Amino acid sequence: MIKRLLPWLFVLVAGPALAAGAGPVLLQSGANISDQASLQRGAGLYFQYCASCHSLQHMRYSRLARDLGLTEEQVMTRLNHTGAKFGDTIRASMPAGVGDDAVGGEDWFGKAPPDLSLVARARNDGPNWIYTYLLSFYPDPSRPSGWNNTVFPNASMPHVLWERQGIQTLRPAEEHDEDHGHPQPPTFDLQTPGTRSAEEYKQDARDIAAFLEYVGEPAALERERYGVWVLLYLLLFTGVAWLLKHEYWKDVH
Ligand code: HEC
């Protein structure tokens, strides 16, 4: 019996480990969807730098306002640049096909930008993947966009945040630190500083990762809020039950 189960056990235990080993080495983002200020900053960056190309078709402006603690006016003036209505889903402001040639041409270097509603769930270890992706762009003249990325090799997305991060070059593979055979993330050297310090740029990436994690599962926010009340209720109820027990047994002893 055990013998027959062993291969399955191996798949269960080693499968995820092997799968994790096969992908890029991801950094820990520290993204936290209960941090509302972080979600608000992430949304601001998203609409400034990403929403021209990427839609969020499962998310409505009105829901964003409610979940992120923003007013209708804040969302409609600061985030929505497409003229969409408050109750509309979020479409890209310059979808593929109508882009201006100077920016990328017909279809952004051959690929249509995908909808990002579910990307944090679709990608393995999504928030960390997005975070590491945003930290891993480097110039590559052989690519049509002029950029490449170690997390998503040959991606046809340019480094849209380069002015904030600056320009970093990739060290040759043999110079990457090896830690006793454990794969290490690639290392970069900042050549031209950006408008943000290294730490501030990491915070940008963390905020965007948190925002996209929230967009992928907005109900998670509510669950956390209810969760606190459920725990408080249970605690209170335990107290009451304990008092009751005392009351009942008082006369028996
Ligand atoms: C100029 C248009 C453009 C802008 C602006 C842009 N992207 Fe992209 N993005 C793309 C394209 C095109 C792809 C598809 C790359 C491919 O498949 O080769 C992509 C892919 C992605 C992916 C991977 C999706 C997947 O799972 O395959 C993520 C995540 C992403 N973009 C996030 C962002 C974020 C975050 C921003 C803003 C900071 C942003 N993008 C801004 C064009 C853009």
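If you're wondering where the values come from, they're calculated on a predicted model, not measured in any experiment. Each ligand, and each atom within it, is numbered from 1 in the order the structure gives.
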Taking only non-hydrogen atoms of Y46, do any sit less than 4.0 angstrom from ligand 1? no

Of the backbone and side-chain N, O or S atoms of C50, does one lie nearer to atom 8 (Fe) of ligand 1 than 2.8 Å? no

Assess whether a salt bridge exists between R121 and E213, defined as any Lys/Arg side-chain N lying under 4.0 Å from an Asp/Glu carboxylate O. no

Using 4.0 Å as the upper bound for N to carboxylate O, is an ion pair formed by R164 and D204? yes

Specify side chain, backbone, both or neither for L45, according to which of its non-hydrogen atoms lie closer than 4.0 Å to ligand 1. neither

Which atoms of ligand 1 sit under 4.0 Å from any heavy atom of P114? 13 (C), 14 (C), 19 (C), 20 (C), 24 (C)

State the atoms of ligand 1, each with its element, that fall below the 4.0 Å cut-off from a heavy-atom position in S52. 5 (C)

Can you tell me if E224 and S34 form a side-chain donor-acceptor pair at under 3.5 Å? yes

Sub-4.0 Å atoms of ligand 1 with respect to non-hydrogen atoms of I208: 35 (C)

Sub-3.5 Å N/O-N/O distance, Y49 and ligand 1: no

Do E222 and R66 meet the salt-bridge criterion of a basic N to acidic O distance under 4.0 Å? yes

Please note down the angle at atom 8 (Fe) of ligand 1 between NE2 of H54 and SD of M157, to the nearest 10°. 180°

Determine, using ring centers only, whether Y233 and W229 are less than 6.0 Å apart. no

A155 heavy atoms, cut-off 4.0 Å: which ligand 1 atoms fall inside? 18 (O)

Decide salt bridge (charged side-chain N to carboxylate O under 4.0 Å, His left out) for R78 and E73; before the verdict, give the C-alpha distance in whole Å, the side-chain angles of both, and the deciding distance to 0.1 Å. CA-CA 8 Å; R78 292 192 209 157; E73 201 204 326; over 6 Å; no

What distance do F137 atom CZ and Q165 atom CD have between them, rounded to the nearest 0.5 Å? 9.0 Å

Given R123, M94, Q48, identify the one with the heavy atom nearest to atom 25 (C) of ligand 1. R123

I'd like to know whether the aromatic ring centres of F211 and Y46 sit less than 6.0 Å apart in this structure. yes

With atoms numbered from 1 as shown, which atoms in ligand 1 lie under 4.0 angstrom from a non-hydrogen atom of K111? 12 (C), 16 (C), 17 (O), 18 (O)

